[in-house]
Amino acid sequence: MTSSPTFHELADRARAARDAAAYGQDALISCDRLVRIFTADGVEVQALQGLDLLVREGELLALVGASGSGKSTLMNILAGLDRPTAGATRVADHDLVTMSAKERLAYRRKTVGFVRQQTSHNLLPYLTATQNVALPLQLARAGGRRKARADRAMELLDLLDVAECRDRRPHEMSGGQQQRVALAVALANDPAVLLADEPTGELDSHTAEQVFAAFRTANEELGTTIVIVTHDQSVAGEVRRTVAIRDGRTATEVLRHSEVDSATGEENLVAREYAMLDRAGRLQLPAEYTRALGMRDRVALELEPDHIAVRPDDARDDRHGPGSAEERR
Ligand SMILES: Nc1ncnc2c1ncn2[C@@H]1O[C@H](COP(=O)(O)OP(=O)(O)OP(=O)(O)O)[C@@H](O)[C@H]1O
């Protein structure tokens, strides 16, 4: 039997709860129980169902998930293009729920950059690469005079390895070049966060690799925090953190770190899968795991000294089932 806590223990617990950092305090992006409900033809679709996500400054993170799991909905909210139905979300100290229309416009121009899947949606067709990159600087009234803006544009095109496209219009560039120029446009105002929704979705694998390398360069050289939605396994497998969304919630995460093999001296990327535990204690187990063990509806739990064991329901028969004679007693 557990003894009742002493007065001092209770006082310590109260102090610890008070001093505990508020959720997401240190994060650059924080999504707290985000809900987004769409109503189409009288039917409600819950695109986000209490999604929690924290992203630290400087991270390069991949978001993966089946079609319809809520990835684009989340990206549109983070980009300031849409509002959640409920929940809280902050990006670089901007509260995306209470923001006024004017603040929202400034947020979209200065705080976030966005790269879309469709190459044709990212660039203005009648402007050259340099002019496309200089435009957001002009709109944000940043970047100084015309010459200074052109210099900044050239610097970015150079960094992303598309300097040769400086005087070309989009139709004179390949799909991969267009996406790298689009990345330069999105980075022009030095955004705190760069969002990309399937930026390599229309490209062949070799070109996709080059475009992804440009994202990595932006992250490493400019320190930009990047969130990329992708179906591309080679992208998802190369970042340090991949977050999987399922049914409008963050379900699992894969974290990767380098380890040096002591025998060969070779550096390998080691991956480990984690499940997300929300503040209500809810956990989503990967479907492959529960299917493999035939788990559904109810599972057996055991608290061990250093872990919690989750096992198939061993009482799934009439004697012990819900409403059984034993339970009713
Ligand atoms: N404007 C809208 N009106 C009604 N339903 C919507 C709207 N936008 C999204 N949905 C629905 O919300 C759910 C999540 O959609 P979302 O586009 O976020 O998924 P996704 O994970 O990005 O999918 P995909 O990988 O196919 O792009 C889907 O069921 C979708 O049909």
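Whatever order the structure lists them in is the order used to number ligands and atoms, beginning at 1. This is a predicted model, so every value here is computed, not measured. Note: hydrogens, waters and symmetry copies are ignored here, and every other heavy atom, side chains too, is used.
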field: Trace of the side-chain hydrogen bond (donor to acceptor under 3.5 Å, both in side chains) decision for Gln179 with Asn122
entry: CA-CA 8 Å; Gln179 286 304 68; Asn122 287 316; 3.0 Å; yes
- prompt: Taking both backbone and side-chain atoms of Gly68, is any N or O found less than 3.5 Å from an N or O belonging to ligand 1?
  reply: yes
message: Please evaluate residues His231 and Glu198 with respect to the criterion side-chain hydrogen bond (donor to acceptor under 3.5 Å, both in side chains), reporting the C-alpha separation (whole Å), side-chain torsions for both, the decisive distance (0.1 Å), and the verdict.
response: CA-CA 7 Å; His231 274 113; Glu198 294 280 4; 2.5 Å; yes
query: Nearest protein heavy atom to atom 13 (C) of ligand 1: under 4.0 Å?
result: yes
message: Within a 6.0 Å radius of atom NE2 on His307, are there more than 12 heavy atoms belonging to other residues, nucleotides or ligands?
response: yes
Subset of ligand 1 atoms that lie under 4.0 Å from at least one heavy atom of Ala66: 21 (O)
message: Using the side-chain contact (heavy atoms from CB on, under 4.5 Å) definition, which of the options Val239, Thr217, Leu203, Thr207 pairs with Phe212?
response: Val239
query: Under a heavy-atom criterion of less than 4.0 Å, does Gly248 contact ligand 1?
result: no
- request: Find out whether the Lys NZ or Arg CZ of Arg272 is both under 6.0 angstrom from the six-membered ring centre of Tyr274 and within 45° of the ring's axis.
  value: yes
Stepwise salt bridge (Lys or Arg N to Asp or Glu O under 4.0 Å) check, Asp313 with Arg298: CA-CA 6 Å; Asp313 183 358; Arg298 188 171 71 175; 2.9 Å; yes
- prompt: Are Arg36 and Phe38 in a cation-pi setup, meaning NZ or CZ lies under 6.0 angstrom from the ring centre and within 45 degrees of the ring axis?
  reply: yes
- prompt: Under 4.0 Å from any heavy atom of Ser67, which atoms of ligand 1 are there?
  reply: 23 (O), 24 (P), 25 (O), 26 (O)
message: Would Gly70 count as a polar contact of ligand 1, with the cut-off being nitrogen or oxygen pairs under 3.5 Å?
response: yes
- request: Would you mind telling me which of Val181, Thr130, Thr128 makes a side-chain contact (heavy atoms from CB on, under 4.5 Å) with Arg166?
  value: Thr130
- prompt: Any protein heavy atom under 4.0 Å from atom 31 (O) of ligand 1?
  reply: no
statement: A student checking ligand 1 against His231 at a 4.0 Å heavy-atom cut-off should list atoms 25 (O)
task: Look at ligand 1 and say whether Met75 reaches it with a heavy atom at a distance under 4.0 Å.
output: no
Shortest protein heavy-atom distance from atom 4 (C) of ligand 1, along with the residue and atom involved: Phe38 CB, 3.3 Å
task: Specify side chain, backbone, both or neither for Val45, according to which of its non-hydrogen atoms lie closer than 4.0 Å to ligand 1.
output: side chain
message: Give the atom numbers and elements of ligand 1 that come within less than 4.0 Å of a heavy atom of Ser72.
response: 17 (O), 18 (O), 20 (P), 22 (O), 27 (O)
message: Just to confirm my output: which protein heavy-atom neighbour is closest to atom 25 (O) of ligand 1, and how far is it?
response: Lys71 NZ, 2.8 Å
Ligand-residue contact atoms, ligand 1 with Thr73, heavy atoms, under 4.0 Å: 14 (C), 15 (O), 16 (P), 18 (O)
- prompt: So, Arg291 and Glu288, do they make that salt bridge, N to O below 4.0 Å?
  reply: no
